[in-house]
A.B. asks: 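This is the structure I want to talk about, given as structure tokens.
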Amino acid sequence: MATTEVARPGVVGRLVGFWDEVLVEMRKVTWPDVGQIRQATIASIILVLFIGAVIALTDVVLQQVLVKLIPSLFGGR
């Protein structure tokens, strides 16, 4: 009775195969041009500044509310 075994490649063989597949997939990627990168960068910076402004405004409002509200709860001015 003969058994057929499928030879599995070793670690090096699997790594080489993986690297070859990565290169094949990377050739399929459509890379953005300089204009698209610039537009995405500017949009990201504007979004971060906007979110930062919202957080800062929320912080200021909550500080003012809490500074005036907490003392009034305990009989302060």
Side-chain angles (χ1 to χ4, degrees):
M1 179 191 235
T3 59
T4 58
E5 291 184 21
V6 177
R8 291 184 50 188
V11 173
V12 174
R14 288 185 295 180
L15 284 174
V16 169
F18 174 75
W19 182 250
D20 290 340
E21 291 176 17
V22 167
L23 292 178
V24 168
E25 290 300 320
M26 291 300 285
R27 287 186 194 104
K28 296 178 184 178
V29 173
T30 303
W31 297 101
D33 61 9
V34 174
Q36 291 172 326
I37 293 172
R38 183 176 295 123
Q39 183 180 7
T41 302
I42 291 170
S44 298
I45 291 171
I46 290 172
L47 179 65
V48 167
L49 291 174
F50 175 75
I51 291 173
V54 169
I55 291 171
L57 179 64
T58 304
D59 181 51
V60 169
V61 168
L62 287 175
Q63 278 183 356
Q64 294 302 316
V65 167
L66 294 175
V67 164
K68 292 179 181 175
L69 179 65
I70 290 177
S72 67
L73 291 175
F74 296 105
R77 298 182 211 190

A.B. asks: Test question: given the 4.5 Å side-chain rule for I, L, V, M, F, W and Y, name all other residues clustered with Leu49, or answer none.
C.D. replies: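 Besides Leu49, the hydrophobic cluster comprises Ile45, listed by chain and residue number.
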A.B. asks: Verify the cluster assignment for Phe18 and Met26: are they in a single hydrophobic cluster under the rule of side-chain heavy atoms below 4.5 Å apart?
C.D. replies: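 Linked within one cluster.
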A.B. asks: With sequence neighbours left out, what residues match Val61 under side chain to side chain contact (heavy atoms under 4.5 Å, CB included)?
C.D. replies: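 Here the qualifying residues are Leu57, Val65.
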A.B. asks: Applying a strict under-4.5 Å side-chain criterion to I, L, V, M, F, W and Y, I'd like to know whether Leu47 and Ile55 cluster together.
C.D. replies: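 Shared cluster, yes.
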A.B. asks: Sequence neighbours excluded, which residues qualify as salt bridge (Lys or Arg N to Asp or Glu O under 4.0 Å) partners of Glu25?
C.D. replies: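 Once residues adjacent in sequence are excluded, the partners of Glu25 under the salt bridge (Lys or Arg N to Asp or Glu O under 4.0 Å) criterion are Lys28.
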A.B. asks: Trp19: which other cluster members, linking ILVMFWY side chains closer than 4.5 Å, directly or transitively?
C.D. replies: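 For the cluster that includes Trp19, the remaining residues are Leu23.
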A.B. asks: Roughly how far apart are Ile46 CD1 and Ile51 CD1, rounded to 0.5 Å?
C.D. replies: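 Spacing of CD1 (Ile46) from CD1 (Ile51) equals 12.5 Å.
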A.B. asks: Check which hydrophobic residues are tied to Ile37 through side-chain heavy-atom contacts below 4.5 Å, counting indirect links as well, and list them.
C.D. replies: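 Result for Ile37 is none, singleton.
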A.B. asks: Under 4.5 Å side-chain heavy-atom separation, chaining through any Ile, Leu, Val, Met, Phe, Trp or Tyr, what else clusters with Val48? Say none if it is isolated.
C.D. replies: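 Listed partners: none, Val48 stands alone.
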